[in-house]
There are 2 protein chains.
Amino acid sequence: MNQKTHSCQQKLRISRDALEVIQGKWRLPIVLALTFGNKRFGELQRDISDISPKMLSQELKALEENKIITRTLYDSMPVVVEYSLTPLGHSMKKLLDEILIWGAHFRKEVLKS
Amino acid sequence: MNQKTHSCQQKLRISRDALEVIQGKWRLPIVLALTFGNKRFGELQRDISDISPKMLSQELKALEENKIITRTLYDSMPVVVEYSLTPLGHSMKKLLDEILIWGAHFRKEVLKS
DNA sequence: GTAACTACTTACCATTGGGTAACTACTATA
DNA sequence: TATAGTAGTTACCCAATGGTAAGTAGTTAC
């Protein structure tokens, strides 16, 4: 096995680790929304307009487990919950930027709109 | 709706366009493998070791439809098919790089291995 | 007391994504 | 004649993904 093949294999392994975490219809959109500042459940639901509370709750939990976001409960009246990015979450900004850059490019080239 | 909210909405739309194309367990790995040079069906199958011929065939078709890869048939004996990146495919390199950088970071921080 | 807002949870259902195994069709080689 | 290599296709199945609708629990405003 030569250098190139070895490097290819290694990169494929890393990409699959990353993909497991960012897979799914909603995870990156949620992280993206949180790059605009900390938000509450209802705010996220309004921003990501067609996500259901079930999916939002489920995906927030998964992101929390993967240490990408933090859930903070403020014991005020009424009870308020705030979601924010962890340092690991913030470290996704460049990745998100590149997805947006490529997405805009793709839209222009293929979707033609 | 203020500037910030507007920008957030727009970025969310773009991210979802991009995600539709790169979603799934195999698409990015296939593109990544092809950044190492043009490859044939069997080579891809060997590189991405646990992909089945069904999934490889299916995902190659989807990538071709989205103008990310090109399928070239060489009418030699035996018949040889080569897959390569289009310019749009090549434009994903930065995105892939960032995924690899983040993936390595994530591995270090969370998977601890 | 009732409606509305906070943040969810639960039950149920349909679709899709992906896996396995076998099969096709053609050619070259032993 | 049989085996192996080219590049897939097809049928069948299961589990995960995601959607819908309704319910929960507490507080506040009318």
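Everything numeric in this text was worked out from a predicted model, so none of it was measured. We name chains A, B, ... by the order of the sequence lines, and we start the count at 1 in each one.
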Would you indicate which nucleotide in [options] comes nearest to any side-chain atom of [X]?
X: A:Arg40; options: C:dT9, C:dT6, D:dA11; value: C:dT6
X: B:Arg71; options: C:dG18, D:dT6, D:dA7; value: D:dA7
X: A:Val81; options: C:dG18, C:dT9, C:dA7; value: C:dA7

So how far is it from [X] [atom1] to [Y] [atom2], rounded to the nearest 0.5 Å?
X: B:Leu63; Y: B:Thr70; atom1: CG; atom2: OG1; value: 11.0 Å
X: B:Tyr83; Y: B:Glu64; atom1: OH; atom2: CD; value: 7.0 Å
X: B:Gln45; Y: B:Ser52; atom1: CD; atom2: OG; value: 8.0 Å

At under 4.0 Å, does any side-chain N or O of [X] touch on OP1 or OP2 of [N]?
X: B:Lys25; N: C:dG19; value: yes
X: B:Tyr83; N: D:dG8; value: yes
X: B:Ser57; N: D:dG8; value: no
X: B:Lys61; N: D:dT9; value: yes

What is the distance, rounded to the nearest whole Å, between atom [atom1] of [X] and atom [atom2] of [N]?
X: B:Lys39; N: D:dG8; atom1: NZ; atom2: C1'; result: 19 Å
X: B:Met55; N: D:dA15; atom1: CE; atom2: P; result: 17 Å
X: B:Leu56; N: D:dG8; atom1: CG; atom2: C1'; result: 9 Å
X: A:Ile48; N: C:dA7; atom1: CD1; atom2: C1'; result: 16 Å

**OP:** Using heavy atoms to find the nearest nucleotide of DNA chain D for A:Ser52 and B:Pro53 separately, return the residue whose nucleotide is more 5′.
**Re:** B:Pro53
**OP:** Please tell me which of A:Lys54 and B:Lys54 maps to the more 5' nucleotide of DNA chain D, matching each residue to the nucleotide holding its nearest heavy atom.
**Re:** B:Lys54
Subject >> Mate of D:dC30 where both pairing distances stay under 3.5 Å, Watson-Crick or G-U >> reply: C:dG1
**OP:** Specify the residue among A:Gln23 and A:Val79 whose closest nucleotide of DNA chain C lies further upstream toward the 5′ end.
**Re:** A:Val79
Original post:
So A:Glu59 and A:Arg27, salt bridge (Lys or Arg N to Asp or Glu O under 4.0 Å) or not? Walk me through it.
Top reply: CA-CA 6 Å; A:Glu59 297 306 279; A:Arg27 294 191 189 174; 2.8 Å; yes
